[in-house]
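Notes follow once the structure below has been shown.
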Protein chains: 4
Amino acid sequence: MRTDTTPGLDARKQPRQARSQATVDAIFEATIQVLLAEGLPRLTTIRVAERAGVSVGTLYQYYPQKQALLFAVLQRHLDRVAKTVEDAALSVRGACLAQMVRTIVTAFVQIKTENLAESRALFAVAAELDSREYVLTIKERNRAALQAMLETAADARFDDVATVTFMFAGIMIGPIHLLLEGNPSARMLRLLPEQLVSVCLAWLEREARPPLPG
Amino acid sequence: MRTDTTPGLDARKQPRQARSQATVDAIFEATIQVLLAEGLPRLTTIRVAERAGVSVGTLYQYYPQKQALLFAVLQRHLDRVAKTVEDAALSVRGACLAQMVRTIVTAFVQIKTENLAESRALFAVAAELDSREYVLTIKERNRAALQAMLETAADARFDDVATVTFMFAGIMIGPIHLLLEGNPSARMLRLLPEQLVSVCLAWLEREARPPLPG
Amino acid sequence: MRTDTTPGLDARKQPRQARSQATVDAIFEATIQVLLAEGLPRLTTIRVAERAGVSVGTLYQYYPQKQALLFAVLQRHLDRVAKTVEDAALSVRGACLAQMVRTIVTAFVQIKTENLAESRALFAVAAELDSREYVLTIKERNRAALQAMLETAADARFDDVATVTFMFAGIMIGPIHLLLEGNPSARMLRLLPEQLVSVCLAWLEREARPPLPG
Amino acid sequence: MRTDTTPGLDARKQPRQARSQATVDAIFEATIQVLLAEGLPRLTTIRVAERAGVSVGTLYQYYPQKQALLFAVLQRHLDRVAKTVEDAALSVRGACLAQMVRTIVTAFVQIKTENLAESRALFAVAAELDSREYVLTIKERNRAALQAMLETAADARFDDVATVTFMFAGIMIGPIHLLLEGNPSARMLRLLPEQLVSVCLAWLEREARPPLPG
DNA sequence: CATGAATGAGAGTTCATTCAT
DNA sequence: GATGAATGAACTCTCATTCAT
């Protein structure tokens, strides 16, 4: 697929002046609102500017290309997700596996659940932009956070932590996505965390070796 | 999100005459090629027609709207996936759990692996089209096939087959997607099936009750 | 306005073979039906052919250009109108003015009333085609018929028959059109003929001189 | 006939900024020029924009649909006609019938004569657009103006003013149209007003009753 | 003769982007 | 800096017309 199309690709600028932060925020919010209200194909710079209450010209002062704007929105979303995971992982360092799994599962279900519509909309954005690279970066951050966490488990050691982490993440995320992509029933949403904790813990304990004494 | 935009939505026509089947096929192939070579945003009816070696007018005789064309392509892809799963599930009816899991996991990894580029491209298509409904239909077909299979297991009975099936599917699909969304290393691809069989089987056995005697 | 646009302008052909007259008639009817059902902008050769139950190719054998088809339809309509007027005028030769006016008014109201929708639709056709010339021919036929009639009036002679005829026609047609262009009320339609006879007769008698004795 | 085709039908915007009024005017003028020079079928948005010296995009900023543009042009024309009639009718309130008829006939001949080409072109526009409703509005304005005028006649009262007004308008307009639709000879154009005054006045006097004394 | 698949110019319309004010 | 009128390339879609079968 052609990826060299855009000259200056994702050349995005950060808000330069602190006092114009409000404008940037407004544009940001407007973008997501338009995305949710109209869908990606109808998301135009003019529409975003209108909803943000600024002129197109102004918008272009901060995001010199439409893609830059979209990329920025996507980026913020992904960063928040990564941050949440990292925080959760950090908060249970040194705990036992059970504790870890419970915390992480809760955090994941939480993020995925709360901004469902936004996530879906941004999914289309990620598919259209050539954002694979950035998405991979985020995934790697998540993976690293989980692995670092697992390595501090009070009650287990792993021979191949990388693989264990990978499977852990996969097993946890699979059912969540499956559920969210459908029309999640309340019952299933209620049952899910418990079941997830169950599988993940089972898997981790199966792969775990007793911790080194001392 | 506005979804009522298109009057006559996905009103697509089937090829009417046998002799013009070639044209339809050419358009189909061209669509996928353009999708892969240029990406969705650059997929225009003119480009597809050009690559198919027909005129735009001809293209519109078969797919009276661009969306209809994309939808048809997406549909064929999803149908093939569903068919593969159904076939696999049918082929192991009455077998033991271990056999079932091994067959299904192999089939899944197979489908997801072989047309990776096409799948990714169609993902963007699915995101842009309002194809959720159809995707759900396919998911349901898959779920039904798996559940029907599990119900015939020679060595197990389940109290809540629906939930078990759901978790089974989720657990299996999670790591596959996780791997494919990254840049799958050969080693991981090799390890994956075995690991998947491991987790899935563990989970199913955990939830299983001994089969009714006789 | 450019009128030289079409090479071969209104080069229309008459049905060549008696046995294919049915086809021509079908096309004819179909044209009017499409015109009424869809409007001129949506009248396409394919749609007409479909409704006529023939293929486009066949249609083009009889009307080698879309305009030719439209022109033919318009022509037939106008010819019928002219014929009706001529017949009416002929039938009262030698009668008294009162008789003449009554007959002609009745005939006019009749033609204009009966195919109102068709007339309106053909109006758009006439406006789009460059049919002024032909319309003028028809008007002249009507005028000639009326004038010839008036010249045989048993109870009147006119100094300037041409002008009298012109005013007679104008006076009669004005209110009719005015009524039909609006949403004619039943009451008005009932009153109209009587009133028209009234004005026209009054005018003609005012302009008339006693007939030459003998 | 399908009239529901256009979503947002004649949704047209008025020029928003004073400084861009020039642009709107240019587009307006260009539309009429193209209409006269090329005819309705060749009137395309691109051609109008070109002649107006603006880009298509600009044109669409003011008239978001081609029909909106045409409708606006038609509207202005009709409004002018109605205004002229109303002014004439107002100016002779309270006068005698003869005076009224002379004034109105003069006004009508005047309007119809001066922009003959424009009127003809707009006729085609009216036929293609679904403008019947608006045309009826204008007709009603004219009718109301005439009726109001007649009711103030110094030397006459009418039993059924509505019908009288209707016939008056019809009688007057019939010969005018008849003449203009042909190739009006200078002689006829000269004679016309006098003849019209004659018929109309005759008719009105015939229907009139003496005014109430005092 | 009839068919209808194929053509392709050209229509209406949108929208990212620029730049004079 | 902010504005929004102006741009014009590019897109989707239509339809009169042709011609191999």
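Chain identifiers are assigned alphabetically (A, B, ...) following the order of the sequence lines, protein sequences preceding nucleic acid strands; residue numbering begins at 1 within each chain.
Remark: F:dC11 base-pairs with E:dG12; criterion is Watson-Crick or G-U wobble with both hydrogen-bond distances under 3.5 Å. Look at E:dA20: its Watson-Crick or wobble partner, with both distances under 3.5 angstrom, is F:dT3.
Among the nucleotides E:dT7, F:dT18, F:dT12, the one closest to the side chain of B:T58 is E:dT7. Of the candidate nucleotides F:dT12, E:dT17, F:dA6, F:dT12 has the atom nearest to the side chain of B:T44. In this structure, the nucleotide among F:dA5, E:dA16, E:dA11 sitting nearest to the side chain of A:Y60 is E:dA16. Picking from E:dC15, F:dA5, F:dT17 the nucleotide with the shortest atom distance to the side chain of C:Q65 gives F:dT17. Side-chain proximity of C:V56 to the nucleotides F:dT18, E:dT3, E:dA2 is greatest for F:dT18.
When the C1' atom of E:dG4 is taken as reference, atom CD of B:Q21 falls 17 Å away, rounded to whole Å. When rounded to the nearest whole Å, the span between CD of A:E50 and P of E:dT14 equals 14 Å. As rounded to whole Å, 18 Å separates atom P of E:dC15 from atom CZ of B:R42. Following rounding to the nearest Å, B:L43 (CG) and F:dC13 (C1') show an atom-to-atom distance of 15 Å. The distance between atom CD1 of C:I46 and atom C1' of F:dC15, rounded to the nearest whole Å, is 7 Å. Straight-line distance from the NZ atom of C:K66 to the P atom of F:dA16: 4 Å, rounded to whole Å. Whole-Å rounding puts the A:E128 CD to E:dC15 P distance at 13 Å. Taking atom CG on B:L59 and atom P on E:dA5, their separation rounds to 15 Å, with Å as the unit.
With C1' as the reference atom, F:dT21 and E:dC1 are 13 Å apart, rounded to whole Å.
Looking at C:R47, its side chain does come within 3.5 Å of a backbone N or O of C:R42 through a donor-acceptor pair.
Here the options are A:V48, A:L59, A:L36, A:T45, the test is side-chain contact (heavy atoms from CB on, under 4.5 Å), and the partner is A:T31; only A:V48 passes. Results of the side-chain contact (heavy atoms from CB on, under 4.5 Å) test with D:L122 over D:V73, D:L129, D:L40 single out D:V73 as the only residue that passes.
A close approach under 4.0 Å does not occur between any side-chain nitrogen or oxygen of A:S55 and OP1 or OP2 of F:dG4. Remark: B:R47 is not in phosphate contact with F:dA10, judged by side-chain N or O atoms under 4.0 Å from OP1 or OP2. Taking 4.0 angstrom as the limit, B:T45 places a side-chain polar atom (N or O) nearer than this to OP1 or OP2 of F:dT12. Under 4.0 angstrom from either OP1 or OP2 of F:dA6 there lies at least one side-chain N or O belonging to D:Y62.
For the residue pair D:Q75 / D:D79, no side-chain donor-acceptor distance below 3.5 Å is found, with atom types taken as modelled.
Residues A:F71 and A:Y63 keep their aromatic ring centres 6.0 Å or farther apart.
Nearer to the 5' terminus of DNA chain E, by closest-nucleotide assignment, is the contact made by D:P41 (compared with the other of D:G57 and D:P41).
Under a cut-off of 6.0 angstrom, the local environment of CZ in D:F123 is sparse, with at most 12 non-hydrogen atoms contributed by other residues, nucleotides or ligands.
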